[in-house]
Each structure stands twice: as structure tokens, then as C-alpha cells.
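Chain letters run A, B, ... following the sequence lines, proteins first and then strands; every chain starts at 1. Note that the structure is a prediction, hence the values are computed from the model and not measured.
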2 protein chains.
Amino acid sequence: MTRRTPVGIRDIGDALGLSMMSVSRALRGVEGVSAGTRIEVIQAAKRMGYRPNRNARSLASAHSTLIGVSIPSLFSDVFPEILDGMRATFDHAGFDTLIDTTHYNTAREADWAERMLDWNAAALVLCGVDHEPDLRRRLRDLRIPTLEFWDTTDDPIDVCVGIDHWKAGADLAEHLLACGYTRPAFIGVPEGRDTRADKRLAGLVATYASAGIDAVDVRRIDHRATFEAGALATESLLAAEGPRPDVLAYLNDHMAFGGLSTCMRLGLSIPDAIGIAGFNDLEINKILPMPITTIITPRTRMGEIGARNIIARIKGAVVERCVTIPTELRIGHTTRAPLSSGGPFSSN
Amino acid sequence: MTRRTPVGIRDIGDALGLSMMSVSRALRGVEGVSAGTRIEVIQAAKRMGYRPNRNARSLASAHSTLIGVSIPSLFSDVFPEILDGMRATFDHAGFDTLIDTTHYNTAREADWAERMLDWNAAALVLCGVDHEPDLRRRLRDLRIPTLEFWDTTDDPIDVCVGIDHWKAGADLAEHLLACGYTRPAFIGVPEGRDTRADKRLAGLVATYASAGIDAVDVRRIDHRATFEAGALATESLLAAEGPRPDVLAYLNDHMAFGGLSTCMRLGLSIPDAIGIAGFNDLEINKILPMPITTIITPRTRMGEIGARNIIARIKGAVVERCVTIPTELRIGHTTRAPLSSGGPFSSN
DNA sequence: TTGTACGCGTTATCAT
DNA sequence: ATGATAACGCGTACAA
């Protein structure tokens, strides 16, 4: 087998009449070499085209610069944005990103995590806080730095950064109630697939329930959460028997836009006959003639904070175990103007 | 330092009274062990919770199961789809994906590629065929399996799979000419950033030129190729002095939808007063009330074919050096009906 | 500040 | 079919 590392630390040492250790120290930037030899070594390394063998490093030191990042899917705008926020920080700090897409399958996630451990990964980044119990235990026992992101919990595996999905759902419900919508529907994917969306739904249901409204029409479509999924689910919902919902809350803005298109095509008056709400405030919402009422989620910032914290953990620093970033309601044109908090007789 | 691999090949051998080599052979599934010992070893490995140390493996064998994949950006629908197509195949074959996002910076790409070599990567996957000359040379010299995707060339570093962007631009121009549009504009990002888009523009310009039309109004916006970028660029274009273009060709469907929104907001009649064309046939196009005329690109399939071929290369097989996948024009409602090929007097 | 001895966990090579 | 020995390239621990 032809080696791809023709020049190693030994060669530099030989060329300079130094021991391998001096070279190693100089190259890694650690204490224990005079400034002079360090410069000499670095120059020689450059001249000779030295490249470190990362596998050998990792084997010898039981450390590595590999960080494994697992996300459910690359098709969603939200995970790419979070990932991008992380990667900028990882790159800067010299870490490489080993990626996985789980497609919302926790067993696959667990298998992949083991592979990452086989690589001696410096840290693991997982989406959400719902994982295989075995994986949770194992990562804890191993004490490997682990970041859970997007969701939050009081008891993360190690550290976490995310938003409160239940509260986001509740906040949205509050707004819809204030707008006078009394027959809500939620359109999402099958239960258990996207547990964060399930939590938002739970927050919405609870809030409506505490206002005396127990009927939330839940529609689930077995499809990626796309524009098309939103359109299809909405068609089926509107074609169904029984009382029509007066407001449709979607799993995300893309599904919401699909639903919006369907409603407009059917000639439904928005937001009067029917309201529409999304989630995430995705980029498309900037250019829609009728911006969708949604919840703004801080995705890039979440990635940056998460990356910063997990790197601190790798270096052994103590960091805040759990960071919950607030979300914000964005009122668009797809929901009616809220009734004034002064009551229905206000002139607002 | 606490080791994360409490049980190694040696331990299994000790437990079974076998040498490390027999264990290694059994576990790797190579020849040289009796069926009986193999089963015994595999069971013992499972029972004892053996996990291979991948760095040690890679160091000893000068092979690894790491594949480095570099893409310009995660925000685009097209790269995630290609990547997803690849990953499915990689996963299945037992390869791990080390990812990079270049943000269209070839120098960063080259640096990252070196790091991948430091990891002893089994293969490199790069976007497009325009790279730092040094990187090209080096990968060739090293004979490391390399896949270039999305674009094509007669002379790839190693193997490539992609589409002919120049021809795609030309095909679109043919259609727009057939529709009777004579004052085309192209809306994209700064020249050199997205070299594939530059090639499509070149194909469009050449085709219009061969029809005697030399004026193509090119607008570039320094922004990610998003809905918003399309909207902003279109606003500025339509506000400009001089004759207004009668058809707008965009870098992709997202920018096109942004432009479409702007045109509709300004009350322009589409497709008569002004035509709109995109690129890629992205998912959003399925649900638009007015589907955008675009070019369908085979993204998932490209990823799968590319992954299959690069794995074959890793295994030493000979594969087609260059696969060019055809694209297809999708005629939407944002361009006028083409004049019949029979000429202007036809009753078509 | 510099150097020596050894180990990291596995695979290649050559023997039996 | 199985085993002994020697790398793989580097870092840790300790000595000088």
C-alpha cells in the first residue's frame, strides 16, 4: 500500500538532527521547545511538505478533532441553518464534522453514535432530547461531551441548547384565541416522527383546552414536511365532512404555504373565513404577498451557542447545562387582527 | 486518559485462546479462518461488547471508511438532495461522511481536502469541476478516488457525474425564443461565485446571439440565491431606466419565485408582459398556482450514481469516467405558449 | 530544553 | 487454518 504521508515527524527530526519528540512538541504548539527550534521545525515541516497523520494522533492520544453531528434531515431549512451556525465555529476551532441524517429514526441514530465512538470522536451533537435509552446511558457513562439541540430538557445527557416547543405552541394558541379563532386544526406528520412538533401541538391543545375548547382537529400526513405535504393534507382536510376548522396551524412554514396555496385556489377568504399559521419564520416568508403568521426561531444563533458550549466542554470547561432561547410570535396577514386586550368593545 | 475501548481484539483472543490475527480475520470477514472459529469469535465479540478502534484500523491498513464530501452550501435544496442521494449509498456500504461547506471559496475547499487526506479518507467528493490547480494536481498524483459532481468535463480529476449546464442554458434560451421573447435578462449572483450558473448564462447568451439577439441584461446580486434575493434583484431591475426585458431567467427557482412575487405585486401580466424562468424544478414548484418554467435536474439520482461510482473506484473497479445526466425542460405557466415549430403562420 | 522507551489497537507479512 | 513478529505514525511518561 502506498502511504499518503511520505514525510513524518521522524523525517523532520532526522533532517534537523532532533528527536521526534522535539518535532512533535514544536508542531503541536505545546511547551517544551525553545523558540528557535520551534521556528526551525515549523519551517522544515513546511518545506518538506509534512502533514500530520490524524489517525495516528488520535490513536496515540485517545483524542480527536472529529465531532459527530446528527440531524433528522437536510431538507428543512431549519437543520441546515443550525448546522451552518455550528460549522462556522467548529471550523474556526479546527474540528471536522462527521454528519449523519437519521430521518427521524432513533435506532439509526444510536448505531451511528457508536460508530462515532469507534472514531474516538471528541463530541457528539444530537437533535432533540428523545433518544434510545441505551444511548443516553452509554454516553453518560462514557462522559463524552454531548450536545442536544433544538429542544430542551431539565436533564440533558450533558448539555443542551434549544427552544421550548410546548411554549411555542401555547404562545401561538394564545394568539389564535385572541384573534377569535375557535375551531383550530393542526396539520403535521405522523405522531412520534417529529417529537418537537408533537410538543408544540400539545402546547396548543392545552392552551385551547384551558379556554374551554377541547376539539382540535389533528391531521397527519405520512410525507416529508414540504410545501406539497401541506397542500395535500389541506385538500383532504377541507374535503372532509363535518364542521370546517376556522384556523389551520401547520408543522412549519413550508407546509403552511402549501396549505395557503390550496385555500387560495379554493377561493377561501384568508384570514376571515380561515386563518393560517406556520412555524419557524422561514426565508420564504420574507417575500410572500401575504406573510404567514408564525413563530420566529433563532436557528443560526442556536447553532453558534451550541458549538461554543460543546467546544468548551471538550476543553473541560464548565458550561451552562441548559440554554433555552426565547422564540417570538410574528403576526402576519394570514390571521385576523387580534381583538384588543380591552375586550370586544375596544375600538382597536 | 480513560480509554473508550475497554475490550480489544487481544481480549477476545485471550478469552478464546486464539491469536489476535485469527480474531481480526474472523471479525473482518476475510479468508483464513474456519467457519467454526469465525462464529465463535463473532459471538464472543458481541458478548464482550467489542468495538473496533477505527483509527487503529486506519493507521495499520492505510485505509479508512471516511469519505469527505464538500458542497458549496447547505441552503439550496439542490445540494442537500444530492448529498442525501449519496449518503444513503454510503451508509449502506459502511462509509462515514465528513462534510465541508465551501461557501463557494475554492481556497477553503483545498485546505479542507488536505485535512481529509490527513484522515486517510477513502475518497473525496467535490462540487463542480473548477478547483485550485494545486489541488487538482495533488489529488491526481495521490491517485485518491475523487468524484466531481453537478458539473461535467471531459477531463475530470478522476470520475465525475453531472449535467451540462451550458446546454441547459441553451435549451432554456431555445424555448424562450420559441415563445417569442426577444429581450432576455438573467438574474444571478456575482460572476465567478457559482460557476455552474455562469455556464448556464453562457449557454443562454450564445443561443440568443445565434438568433441575432446580442443584448442580454445581466443582473447580479451579492446575496445568497434565495427568494428574497430574487425579489430584490427584480425590483432593482424593473426600476431601472431603458427598455424593460420581456423575460427574466433566474439562477434557480427560488430566485424566480421571488421575482415572480415582485412582478405580481407590481401588477405585471405574466407571461404576456413579462416571462419568468427558473432552474432545478425545486419542490415549491409543485404547489405554485402558476408553475414556473424551469429545467428539471436529476439531483437524487445524481447523488446515487455518483456514490455508486466512487465506491466502485475505492474498490479498484473501473468505472465510466464521466456520466452526464440529461436535463429536461419543464414548461410552466410563467412563459407564453411557444409559437409552433411550423412558423408564425401555423395555426398551432 | 531535549531525549529515550514504550504503548495506542490493529493489520501485513511470513512462517508453521 | 493459525500464529509470531513487526510495523503504522504519533504521543505519554519519565529521564537526563
| remark: Taking for B:A56 and for B:G17 the nucleotide of DNA chain D with the nearest heavy atom, the one nearer the 5' end belongs to B:G17

| query | Taking 4.0 angstrom as the limit, do B:R196 and B:D151 come out as a salt bridge? | reply | no

| Salt bridge between A:D141 and A:R136, side-chain N to carboxylate O under 4.0 Å? | no

Can you check the [X] [atom1] to [N] [atom2] distance for me, whole Å?
X	N	atom1	atom2	answer
B:N53	D:dG11	CG	C1'	14 Å
B:L16	D:dG3	CG	P	10 Å
A:I9	D:dG9	CD1	P	11 Å
B:R10	D:dA4	CZ	C1'	12 Å
A:D11	D:dC8	CG	P	11 Å
A:L59	D:dT12	CG	C1'	13 Å
B:H63	D:dA7	NE2	P	19 Å
B:N55	C:dT11	CG	C1'	14 Å

| Which pair of heavy atoms, one from A:T153 and one from A:C322, lies closest together, and at what distance? | O-SG, 3.0 Å

Measuring to OP1 and OP2 of [N], would you say a side-chain N or O of [X] lies under 4.0 angstrom away?
X	N	answer
B:R38	D:dT2	no
A:T37	C:dT2	yes
A:S24	D:dC10	no
A:S34	C:dT2	yes
B:S22	D:dG3	yes
B:S19	D:dG3	yes

| said: With side chain to side chain donor-acceptor pair (under 3.5 Å) as the criterion, how do A:T195 and A:D130 come out once you've worked through the C-alpha distance, each side chain's angles and the decisive distance to 0.1 Å? | reply: CA-CA 8 Å; A:T195 55; A:D130 306 287; 3.0 Å; yes

Look at the side chain of [X] and decide which nucleotide, out of [options], has an atom nearest to it.
X	options	answer
B:R57	C:dG7, D:dT2, C:dT11	C:dT11
A:M21	C:dG3, C:dT10, D:dG9	C:dG3
A:M20	D:dC10, C:dT11, C:dG3	D:dC10

| task | Mind checking B:R25 for me? I need base, sugar-phosphate or nothing, with any heavy atom below 4.0 Å counting as a touch. | result | base

| Is A:G13 touching bases, backbone alone, or none of the nucleic acid, heavy atoms closer than 4.0 Å? | nothing

| Derivation of the salt bridge (Lys or Arg N to Asp or Glu O under 4.0 Å) call for A:D100 and A:R115 | CA-CA 11 Å; A:D100 174 51; A:R115 289 178 66 89; over 6 Å; no

